[in-house]
Enquirer: 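One structure, as structure tokens, below. Some questions next.
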Amino acid sequence: MTNISRDSDVVELNEPPRFTYGQRVRTKRTVRNDGTYCGKDVGDILAKKGEEGYVCNIGTFLQQFYIFGVEFIQTGNKVGMKSKELEACDDEDDVASAKKKPAKPAKESGE
């Protein structure tokens, strides 16, 4: 059997997906067509860095990675992306992280 060259030893499928259906996400880098996107030329930009979209599909690749189908708002393109290429941009994430921070102690009055 041949060895498969993988870009990571991490198996994401051992954990639940990082993003959920309908979650708003943002690209960490510009994504170009590698020839797998029908109707666009190789090298065409599918999503620019910082562009926002919504997760509309969750699949797997090589029994190792989650692939998130993201529909981008500005272009309408639906692109499959790895979790390392995306970041959450929902307000809910900010709320959850704020709850984890300890509250500041109240100032004592000088009597």
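Just the heavy atoms: all of them, side chains too, but no hydrogens, waters or symmetry mates, feed the values below.
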Enquirer: Among pairs that include at least one residue of residues 71-80, which meet salt bridge (charged side-chain N to carboxylate O under 4.0 Å, His left out), considering only residues two or more places apart or in two chains?
Expert: none

Enquirer: Report the residues that fulfil ring-ring contact (aromatic ring centres under 6.0 Å, His included) with Phe72, sequence neighbours left out, ordered by chain and then residue number.
Expert: none

Enquirer: Walk me through whether Arg24 and Glu52 qualify under side-chain contact (heavy atoms from CB on, under 4.5 Å).
Expert: CA-CA 7 Å; Arg24 193 171 76 207; Glu52 294 181 2; 3.5 Å; yes

Enquirer: So, for Lys48 and Ile45, which heavy atoms are closest and what is the spacing to 0.1 Å?
Expert: CG-CG2, 3.9 Å

Enquirer: Below 4.5 Å, heavy atoms only, C-beta onward: do Gln64 and Glu12 meet side chain to side chain?
Expert: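 Gln64 vs Glu12: side chains apart.
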
Enquirer: Could you check whether any side-chain heavy atom of Asp44 comes within less than 4.5 Å of a side-chain heavy atom of Tyr37, counting everything from C-beta outward?
Expert: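 Asp44 vs Tyr37: side chains apart.
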
Enquirer: If you compare all heavy atoms of Lys40 against all heavy atoms of Leu46, which two are closest, and at what distance to 0.1 Å?
Expert: CG-CD2, 4.0 Å

Enquirer: Output, in order, the C-alpha distance, side-chain angles, deciding distance and verdict of side-chain contact (heavy atoms from CB on, under 4.5 Å) for Glu51 and Thr75.
Expert: CA-CA 9 Å; Glu51 191 170 344; Thr75 62; 3.6 Å; yes

Enquirer: Holding to salt bridge (Lys or Arg N to Asp or Glu O under 4.0 Å), I want the full list of residues that pass it with Arg18, two or more places apart in sequence or in another chain.
Expert: none

Enquirer: If the condition is side chain to side chain contact (heavy atoms under 4.5 Å, CB included), which residues does Lys49 pass it with, not counting sequence neighbours?
Expert: Thr30

Enquirer: State which residues pass salt bridge (Lys or Arg N to Asp or Glu O under 4.0 Å) with Glu87; sequence neighbours excluded, sorted by chain then number.
Expert: Arg26

Enquirer: Is a side-chain N or O of Asn77 found less than 3.5 angstrom from the main chain of Val79, in a donor-acceptor match?
Expert: no

Enquirer: Partners of Leu86 by side chain to side chain contact (heavy atoms under 4.5 Å, CB included), sequence neighbours excluded?
Expert: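 In terms of side chain to side chain contact (heavy atoms under 4.5 Å, CB included), with neighbours along the sequence ignored, Leu86 is linked to Phe19, Val25, Thr27, Phe68, Val70, Met81.
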
Enquirer: Less than 4.5 Å apart, any side-chain heavy atom of Tyr66 and any of Ser83?
Expert: no

Enquirer: For a side-chain contact (heavy atoms from CB on, under 4.5 Å) check, start with the C-alpha distance between Leu13 and Thr60, then their side-chain angles and the critical distance, and finish with the verdict.
Expert: CA-CA 8 Å; Leu13 303 184; Thr60 61; 3.5 Å; yes

